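Here the structure comes first, spelled out in structure tokens, and everything after it is commentary.
Heavy-atom basis, side chains included; hydrogens, waters and symmetry copies ignored. Model, not experiment: these values are computed from the prediction. Per chain, numbering begins at 1; letters A, B, ... match sequence-line order.
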Amino acid sequence: MKKTVFLGAFTVAGLAAVAASAGTMDDVKARGKLNCGVTTGLVGFAAPDANGEWKGFDVAVCRAVAAAVLGDASAVEFVPTTGKTRFTALASGEIDMLARNTTWTFSRDVDLKFEFTGVNYYDGQGFMVPKDLGVSSAKELDGATVCIQTGTTTELNLADFFRSNNISYEPVPIETNAEAQQQYLAGACDVYTTDASGLAATRATFENPGDHVLLPEIISKEPLGPLVRHGDHEWGDVVRWTLNALISAEELGITSANIGEMSAGTNNPEINRILGTEGTLGEMLGLDAEWSKRAVAAGGNYGEIFAQNIGEETPIGLARGLNAQWTEGGLLYSPPFR
Amino acid sequence: MADQTTNSVAFVADGNIPESPPPANETGVVKWLRDNLFSGVTNSILTILALVLIYLLLKNTLPWILNGVWNANSLAECREILAGRTGACFAVLTERWPQLIYGFKYPVDAYWRPNVAFVLMLIALAPVLFFDLPRKLLIITAVYPFVAFWLIWGGTILVPVVALLGCVAGGFVFQKAGKNSFAAGFFGAIVAALVVWQAGGWLIPEGASENAWLTAVPSRDLGGYMLNMMLGLTCVSLSLPLGIALALGRQSRMPLIKWISVVFIEFVRGVPLITLLFVASVMLAYFFPPESTVDLFLRVVIMITMFSSAYIAEVIRGGLAALPRGQYEAADSLGLDYPQAMRLIILPQAMKISIPGIVNVAVGLFKDTTLVSVISMFDLVGMIRGPILASTEWNGVYWELWGFAALVFFVVCYGISQYSQWLERRLATDHH
Amino acid sequence: MSTLTDPPNAGFRLSMLFNDTRYRSLTFQVIAAIVLALCIWYLGNNLIQNLRAAGLNISYSFLGDPAGYDINQRLIDYNSQSSHARAALVGVLNTLLVAFLACITATVFGVVAGVLRLSNNWLVSKLMAVYVEIFRNIPILIWIIIIFTIMTAVMPGPRAFRGDDATSSMVLDLFAFTNRGVYIPMPWFESGLFASTAMNWVLVLAGFLLSWFVSGRVTTWANHKQEETGERPKTLLLKLAIWFVPFAILMLIMGLTWEVPALKGFNFKGGIKIGGPLIALWFALSIYTGAFIAENVRAGIQAISKGQTEAAAALGLRQGRIMNLVVLPQALRVIIPPLISQYLNITKNSSLAIAVGYADITATLGGITLNQTGRAIECVLLLMLFYLTASLTISTVMNIYNSSVKLKER
């Protein structure tokens with residue numbers, strides 16, 4: 001494909017990505033880079049560190065997909081999106097997939113024409129209050145001022161919760177997490193609400209995290225997952241099964257440490273199928289045999305990614321809870337690789 | 001008269017009384033104080049109020065600034081060093097300096113490139129801003145956009161070279177064909193430039209920029225104050241020709257052209273910039289061909305250029321209206337056609353009148369580039385609101401960061417407005 | 001002319017389309033029309049194709065659906081079950097409210113600063129110059145954020161008012177200044193003549209209008225008397241009585257009481273709350289725009305020739321009266337056109353409310369509604385339509401006023 005120097009200049013500058021209409025997967029391969037939409041900064045899920053490297057749980061999913069498709073976990077262009085811009089960015093093809101703690105809802109799936117390819121984090125909206133406020137349940141919050149970080153379904157859940165409990169509140173919607181926590185810490189709101197994982201991440205950055213408690217109520221179901229455009233099923237399958245590979249790898253005990261050893265062949269046929277030593281799963285996806293091996297090797301299996309970015313050892317300190325494997329009482333349940 | 005006085009007056013001093021110094025309260029500091037600060041009851045009250053205000057301001061900010069900590073790795077460390085005293089934590093500026101200036105994604109080993117581009121910008125702007133400098137320096141100005149593009153975005157040098165060649169070819173055709181008919185020259189120039197660009201596009205090998213000497217940097221990785229300056233400079237320079245065209249269009253006698261210009265100008269001036277940026281971030285992508293997407297930077301440049309060109313058009317319209325009717329009539333009576341009259345007689349004078357207004361628009365536009373932080377671009381304000389304030393280390397450092405942002409904008413904008421005032425005085429004396 | 005040059009009759013050549021002045025303007029307009037039509041077709045076609053590819057459509061029916069979110073400041077009834085359209089309306093009213101308030105205070109700041117900058121007090125004029133330069137040369141977004149930060153960080157939270165060792169207390173036991181906003185006492189009627197509060201206030205307003213009318217009649221009568229007899233009757237007491245006696249009687253009948261804000265639970269309850277975001281945005285807009293208006297006022301005053309001031313002084317007018325009767329009325333003509341554009345700027349800049357969480361139209365329709373419905377194109381178009389209407393209305397109204405004060409040139 002010959003381009004004019006205009007388009008040439010734009011591609012050189014990265015100003016325009018000329019995407020052939022064949023399909024997202026071909027585009028990504030042709031480009032050699034995966035464009036992945038993430039948040040503008042939520043520590044633990046997706047945030048640039050002091051060196052400008054993107055780090056986090058959602059980021060790891062993008063890297064795994066890039067490793068599976070392109071063979072290089074660093075071949076990802078992270079596109080920061082706000083709650084407002086993310087859907088247009090995906091719908092218009094600016095990004096190939098969106099991994100921006102986005103809640104899987106009916107209307108987004110059906111009306112906005114997106115395809116959620118699974119759930120990488122089962123979240124729920126929670127409340128954080130200062131300890132000295134002496135509140136132990138969200139139902140005691142009658143008349144409180146609530147800081148909301150806008151963008152997900154937070155405002156709607158909050159309105160529903162207070163209405164169904166017949167108590168009043170004053171919402172203060174704030175665009176960025178940094179400003180919302182500034183308001184909360186200054187006492188301009190009594191309560192800060194967003195997804196429980198986000199609350200934990202925010203609390204971790206406080207000077208005295210111990211002075212703040214998360215209330216026990218989780219007022220909503222927030223299955224967060226990566227999503228792609230509706231209708232491009234090949235690409236959707238790649239993202240879906242990359243995520244499933246990460247989850248299955250944990251279930252089957254494949255870790256980034258033992259993956260080399262296991263890919264020599266094991267007695268477990270499912271492990272062999274995942275790692276490409278048996279069967280032709282990769283080929284069915286339009287990838288090579290070792291796609292999922294690379295995906296797991298990129299950042300480890302689901303459990304490793306979790307532990308590294310948001311687990312109990314990190315400042316964010318989230319317990320696995322619902323996000324444990326189904327064998328351990330959680331909800332993570334990958335369909336079989338067969 | 002003189003005789004009479006000598007005769008009728010008994011004594012006349014034949015010398016001057018030696019000059020004596022004015023009374024103490026009519027001179028020096030005391031007089032100045034009385035005249036300027038305590039000339040009346042109201043004035044004295046105002047002075048005392050102002051002094052109290054200044055004292056309060058200094059009392060609250062000076063210890064904070066003087067005790068500032070410049071070396072620490074986090075806010076907690078700062079607080080340890082300060083040990084309870086009031087003091088600023090300027091360490092955030094030193095530690096995050098590169099992020100504040102270049103954004104967090106620009107390659108560290110390429111920081112010299114924007115620096116060089118910045119120095120070159122000063123050189124390239126000099127002949128535009130100061131008319132006394134030799135006109136030949138304008139060549140640097142003409143080449144500068146291509147050099148700056150290459151420096152900042154990197155990649156193969158062929159792209160800016162071909163782009164430059166296209167412009168040169170266009171200019172050449174305009175020189176040749178434009179002598180007889182402006183329209184022929186104008187359209188010929190566009191065609192020539194397009195031909196060169198198209199041909200050049202074939203010549204540039206695919207993937208030429210991958211192993212170029214300057215590594216290619218995607219525009220998404222630009223950020224910090226650099227992004228503000230780039231947006232400001234690009235959009236102002238692009239909107240000048242557009243603004244002139246719109247201003248002329250609005251004055252045109254052709255109803256359709258006039259109507260298009262008026263609708264465009266009034267529409268753009270009627271909506272806030274932020275809605276136009278929303279258009280850039282959430283709508284514009286739908287208006288480009290389905291198989292291509294245009295990067296956010298370019299989309300934002302398009303919208304801000306539209307925005308500022310409408311304001312510049314209004315300023316230039318003011319300049320055109322201020323010209324006496326006689327100038328137009330004189331041009332007509334010389335037998336000049338419309339393009340000639342505009343180019344040789346009307347526009348040079350109108351532009352001279354409008355320069356201060358244009359500079360004001362430019363300052364306003366430069367300030368407005370901070371709004372891109374609302375649509376997830378990491379300019380200076382975006383960097384502060386996003387990655388820096390959200391990080392574990394610097395969560396809670398507001399005053400230092402906002403003070404810094406305010407300071408850098410103040411320095412540039414105040415500088416430009418002082419220049420504008422100087423120019424205004426200068427042009428006023430130039431006028432015959 | 002017509003006798004000298006006959007129009008060329010040598011038939012029509014194609015080049016005449018460009019070279020003949022009779023056809024040229026038509027040619028250019030046709031070209032422009034074609035280019036315009038092509039652009040619109042191209043963009044529209046792209047839009048349709050993109051939407052079809054994404055399986056989306058343009059539909060405004062979402063406006064009728066329940067919005068599902070709450071808004072903290074509402075001038076009309078609204079709850080989370082109201083429609084998106086109503087949420088947008090709440091946003092519109094909030095935008096208009098903050099723009100209106102900011103226009104008034106910005107004018108006050110601007111006139112004071114502009115006049116003081118010309119004061120012969122060196123310190124004060126320098127101080128005003130510093131104010132103007134600092135505020136004009138720093139982006140409004142930074143000012144809004146800084147002022148909001150000052151609000152939240154410096155003012156005490158409601159918690160500071162609580163308990164025995166409270167660190168803050170209410171001013172005069174009537175006003176509470178917190179970082180969530182300012183609470184002031186609210187008047188209400190114990191035994192209003194009407195059931196609805198609004199009707200009672202309409203009654204009070206009617207009373208005021210009546211007083212205004214009567215006092216206007218008194219002035220006319222006094223003027224008349226002065227012209228007849230040369231002596232002006234003293235009307236001050238009479239006027240005061242006209243203004244205050246009916247008002248006081250009305251208040252007594254209706255049982256005016258003040259509801260004083262009090263700390264209950266998490267927040268102050270009762271009274272009127274002026275929210276923190278509103279105050280921050282209002283103040284930031286007024287002080288920023290005030291700096292621009294100050295410059296306009298200064299330029300306007302300086303545009304009045306010295307002769308005017310001297311002539312007024314020669315007539316024996318005092319300093320203050322020279323300013324009020326001679327300089328300002330003339331300066332006003334110079335000041336008003338730029339003042340109009342500053343008012344427009346305030347309205348447009350109020351869209352930066354999203355930085356402080358003020359629920360204006362950009363935050364409701366262009367913010368939460370857009371986020372929740374994903375209807376980007378529809379929301380942004382409606383948003384632009386609103387601002388365009390508001391801007392055009394303001395500039396029309398102000399232009400009418402401007403032409404009414406314009407110097408009638410002879």
Heavy atoms only: give me the nearest B:Thr370-B:Asp379 pair and the separation to one decimal.
-> CA-OD2, 3.2 Å
Which pair of heavy atoms, one from C:Leu285 and one from C:Ala102, lies closest together, and at what distance?
-> CB-CB, 3.9 Å
Sort [X] into side chain, backbone, both or neither according to what part of it lies under 4.5 angstrom from a heavy atom of chain C.
| X | value |
| --- | --- |
| B:Ile260 | side chain |
| B:Ile416 | neither |
| B:Leu276 | side chain |
| B:Val411 | neither |
| B:Arg253 | neither |
| B:Ile384 | neither |
| B:Phe366 | neither |

Per-residue contact mode, [X] against chain B (heavy atom under 4.5 angstrom):
| X | answer |
| --- | --- |
| C:Leu123 | both |
| C:Ile145 | side chain |
| C:Tyr42 | side chain |
| C:Ala390 | neither |
| C:Leu116 | side chain |

Is the B:Phe410 ring parallel, tilted or perpendicular to the B:Tyr414 ring (thresholds 30°, 60°)?
-> parallel
Check the angle between the aromatic planes of B:Tyr225 and B:Phe409 and answer parallel, tilted or perpendicular using the 30° and 60° thresholds.
-> perpendicular
Looking at [options], which has the largest count of heavy-atom pairs under 4.5 Å with chain B?
| options | answer |
| --- | --- |
| C:Ile48, C:Ile150, C:Ile140, C:Thr389 | C:Ile150 |
| C:Ser351, C:Ala32, C:Ala376 | C:Ser351 |
| C:Leu370, C:Leu352, C:Leu51 | C:Leu352 |
| C:Gly366, C:Ala153, C:Ser391 | C:Ser391 |
| C:Thr362, C:Thr149, C:Leu385 | C:Thr149 |

If you count heavy-atom pairs within less than 4.5 Å of chain C, which of [options] leads?
| options | result |
| --- | --- |
| B:Pro255, B:Ser373, B:Ser417 | B:Pro255 |
| B:Tyr338, B:Trp399, B:Tyr398, B:Phe278 | B:Trp399 |
| B:Ala50, B:Gly270, B:Gly403 | B:Gly270 |

Taking it one step at a time, do C:Tyr358 and C:Ser350 satisfy side-chain contact (heavy atoms from CB on, under 4.5 Å)?
-> CA-CA 10 Å; C:Tyr358 178 71; C:Ser350 70; over 6 Å; no
Just by distance, do the side chain of C:Lys348 and the backbone of B:Arg269 share a donor-acceptor pair under 3.5 Å?
-> yes
What's the separation between atom [atom1] in [X] and atom [atom2] in [Y], rounded to the nearest 0.5 Å?
| X | Y | atom1 | atom2 | answer |
| --- | --- | --- | --- | --- |
| B:Ile274 | B:Phe307 | CD1 | CZ | 11.0 Å |
| C:Asn345 | C:Tyr288 | CG | OH | 8.0 Å |
| C:Thr347 | C:Leu96 | OG1 | CG | 8.0 Å |
| C:Phe28 | B:Ile257 | CZ | CD1 | 8.0 Å |

Would you check, one step at a time, whether the test side-chain hydrogen bond (donor to acceptor under 3.5 Å, both in side chains) holds for B:Thr47 with C:Asn121?
-> CA-CA 7 Å; B:Thr47 305; C:Asn121 185 324; 2.6 Å; yes
List the steps and the verdict of side-chain contact (heavy atoms from CB on, under 4.5 Å) for B:Asn228 and B:Val381.
-> CA-CA 9 Å; B:Asn228 291 111; B:Val381 173; over 6 Å; no
